[in-house]
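One structure is given here, and the rest of the page talks about it.
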Amino acid sequence: MSEFDRAARAALQPLRSGSRLSRTTVCAVTVLAFAVLVLLPATALAASPTSSASPSSQIVYRVGIQSDVDNMNPFSTYMTIPWECFRVGYDFLTWYDADYQPTPDLADPVPTVANGGITDGGRIWTFHLRPNVKWSDGVPLTASDVAYTYNRILRQKLGMYIGYFTNVTRVEASDARTVVITCSQPNAVLTALYVPILPEHIWSKVPDGKVSTWSNVPMVSSGPFQVTEVQNGKFVKLTRNPYYKDGFGKEPTVDVVLFDMYQEQDSLVDDYKVGNLDAAIELVPGFYRTLKNMPGSTLVAAPALGFHELGMNCYKSPKSKGNPLLLDVRVRQAIDYAIDKHAIATTAMDGLAPVASSLLSPVQQFYRWTVPPDQQYTYDPAKAREILDAAGYKMGSGGIRVAPNGKPLKFRLAALTDYPTDIPAAKMISAYLKAVGIGTTVQIMDEGAFTDDNYATNDDLYIWNWNADIDPGYILSTFTTGQMLNGSDSEYSNPAYDALYIKQSEAMNPADRKVVIDRMQQILYKDSPYAILWYNTNIQAFRTDKWTGYSSVPPGGHGAALRNMLRTTYVDLKPRTASTTQSGGGGVMIGAILAAAVIAVVAVTLLLRRRPRSVELE
């Protein structure tokens, strides 16, 4: 999950169009061709979403992903597609470039001490906004929108973002293009706010009690695209914001971006191969070699932010529904020693992802703490047994240890269908734990059901995914006491860690801040609320024979072009030929009529081909 990938719900997914025509359907296909020719004029409009534009002239870019959406509300969703839509649809005050360095976004320039944007020792930050930025409904975006967004988070203490605003006491719009943030103590992270700026004229009408449940579709956005339609389990449609160029000086060429949702990756990959998709993202490693030599396609396995972890329920409360034996840090440490992370990562990720250790991934470079060899939880089942023996967990019947209070050392272990790589990992972990006397019941769940359990603390062990921020502040915040039952999933709490979190946020000198962050990573590593398994790798394929304008992260042409924390690709994409000016199957009557006219001629060929998937456009 991310902080912005973490799924709050998972909806039902439709059957894919990968079924094949049987031999007995040839005659029926021929008859249907004539039926389509007769009936289509009367039914085509009813089958398509409404639009004021001509879909046949639209330039459409299709992205396939094995994912779904729960909602498009930036105060409640953690899922992949919504957060990619927020990054493309909303402006943030500042952002990062492909080298993960601060860069202007809505605010220009990035505040520094040298340019006068940071004063009073880091307590006052002044941001100057770009001129002429407009929302997708034509209303000007002003400093009042920024102040409104931040102040609502502060006023309602909205957990999705409150961790960014440590010591912030006031956010003001001193004029239409100036935002002033005042803090009680120095704040080092105000250029690292992964908080989308929302339109005050829209969201101010949403009551406090509905701030996390409002649908937000269609989305009034300020970025290059806006979400105009969502069909759960099918697609999310983004259309070009006609006012984007007014503030940012560049208008996207693409008219529509479609995120096609798939239940299974084999269907996704098949559709990519036959040209029904322009990109396939968040692929599992098994398809890497399948697509490696595909003509006209670029395939990458790029290092990415975040990690997959074996999480452990650390909630110290009578209300917890988890096994209380996980509250014993010795049990968590034994689990860390008992599992072979190298073998797990190699099997689950086919050797494409680096084995993990400390919290921050290698791409976060400066702030990452490298675990000294003598402190690492290396694969050492003898050490795991030694820890459990010393803690009084004696071997019981069936090879499962028993705690001093007589409770068996047995846990539920959840793996999610949304992350196919995690299922074999869970089975391996179960076997490793059994070898040291820890029993598990593996539960294969969809992400929505597990999320409900997790927020109810009705879980024990689980494998989940984080796609962290570029700045380490947010992922560090998820282990603070204030994030329990909110941004946290392990419900870990440690007062010493909480104090360090405040201290790092106040350290204006990066070197001083790193010292504190290193100490925080050491505490987490020792206490083991997570056993981090592997660091994320972005496996994606995208068509370079039909499209140009991709920007990669990391830069250099071998990085991810989409889902890479930037919106650059979406703005710069251009078709190489007219053939990429597309429209959805249900949206263009002429295309459907022509297809119907030739069905009888190519029926035998259709026996051997997939039917193209069709997402309806306006």
Side-chain angles (χ1 to χ4, degrees), residues 306-314 323 325-349 351 353-362 364 367-391 393 401 409 411 413-415 421-422 424-440 460-466 468 472 475-476 478-479 488-494 496-497 517-536:
F307 50 81
H308 281 240
E309 87 274 6
L310 174 63
M312 311 187 202
N313 185 343
C314 301
N323 188 327
L325 297 181
L326 279 174
L327 301 180
D328 187 342
V329 67
R330 297 168 297 182
V331 171
R332 302 199 300 269
Q333 290 171 341
I335 289 172
D336 232 332
Y337 277 115
I339 60 177
D340 186 343
K341 300 184 186 73
H342 184 272
I344 293 168
T346 299
T347 299
M349 292 297 294
V355 180
S357 54
S358 56
L359 183 73
L360 302 182
S361 65
Q364 288 169 293
Y367 287 112
R368 181 172 185 264
W369 173 60
T370 301
V371 186
D374 63 342
Q375 297 180 32
Q376 291 182 14
Y377 290 116
T378 55
Y379 176 49
D380 192 342
K383 179 70 171 178
R385 295 187 192 98
E386 178 184 327
I387 292 172
L388 295 172
D389 288 341
Y393 294 92
R401 292 177 182 267
L409 198 60
F411 307 108
L413 170 56
T421 55
D422 296 357
K427 294 176 181 177
M428 293 178 72
I429 289 170
S430 181
Y432 286 130
L433 296 183
K434 179 66 182 299
V436 300
I438 300 175
T440 56
D460 295 328
L461 303 174
Y462 54 90
I463 305 179
W464 217 354
N465 170 55
W466 273 106
I475 190 65
L476 292 170
T478 63
F479 295 94
S488 175
D489 57 327
S490 67
E491 318 307 340
Y492 171 83
S493 175
N494 182 330
Y497 180 90
I517 289 176
D518 280 357
R519 177 59 184 146
M520 296 173 73
Q521 292 176 81
Q522 292 174 44
I523 290 173
L524 292 176
Y525 193 73
K526 181 180 178 181
D527 286 356
S528 295
Y530 288 171
I532 303 178
L533 303 174
W534 65 82
Y535 295 118
N536 287 345

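Computed over heavy atoms, backbone and side chain alike; hydrogens, waters and symmetry mates excluded. Keep in mind that what you see is a predicted model, and the values were worked out from it rather than measured.
Between W534 and H308, the ring planes lie parallel to each other; the angle is under 30°, not in the 30° to 60° tilted range.
Taken from CD1 in I429 to NZ in K341, the straight-line distance is 9.5 Å, to the nearest 0.5 Å. The distance from the OG1 atom of T421 to the CE atom of M349 is 6.0 Å, given to the nearest 0.5 Å.
Aromatic pair Y432/Y379: ring centres closer than 6.0 Å.
No side-chain heavy atom of V329 sits less than 4.5 Å from a side-chain heavy atom of K526. Looking only at side-chain heavy atoms (C-beta outward), L433 and F411 stay at 4.5 Å or farther from each other. Side-chain contact between Y530 and C314 is absent, with no heavy atoms from C-beta onward closer than 4.5 Å. Side-chain contact between L476 and Y367: absent, with no pair of heavy atoms (C-beta onward) separated by less than 4.5 Å. Using a 4.5 Å cut-off on side-chain heavy atoms (C-beta onward), I438 and L388 make contact. When side chains are defined from C-beta on, D489 counts as touching E309, because their heavy atoms get closer than 4.5 Å. Residues D460 and L325 form no side-chain contact, since every pair of their non-hydrogen atoms from C-beta on lies 4.5 Å or further apart. Between I532 and W466, the closest side-chain pair of non-hydrogen atoms is not below 4.5 Å.
Between the side chain of R385 and the backbone N or O of A435 there is at least one donor-acceptor pair closer than 3.5 Å. A donor-acceptor pair under 3.5 Å links the side-chain atoms of Y525 to the main chain of Y377, judged by distance alone. Judged by distance alone, with hydrogens and angles left aside, the side-chain atoms of Y535 form a donor-acceptor pair with the main-chain N or O of S357 at under 3.5 Å. A donor-acceptor pair is defined here as one N or O able to donate and one able to accept, closer than 3.5 Å; no such pair exists between the side chain of S430 and the backbone of A426.
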Q) Stepwise, does the side-chain contact (heavy atoms from CB on, under 4.5 Å) test hold for I335 with L310? A) CA-CA 10 Å; I335 289 172; L310 174 63; 3.8 Å; yes
Q. Does the side-chain contact (heavy atoms from CB on, under 4.5 Å) test come out yes or no for Q521 and V371, once each step is laid out?
A. CA-CA 9 Å; Q521 292 176 81; V371 186; over 6 Å; no
Q) Please walk me through it: do Y497 and D527 pass side chain to side chain donor-acceptor pair (under 3.5 Å)? A) CA-CA 11 Å; Y497 180 90; D527 286 356; over 6 Å; no
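In this view, R401 and D389 satisfy the side-chain hydrogen bond (donor to acceptor under 3.5 Å, both in side chains) rule, not counting sequence neighbours.
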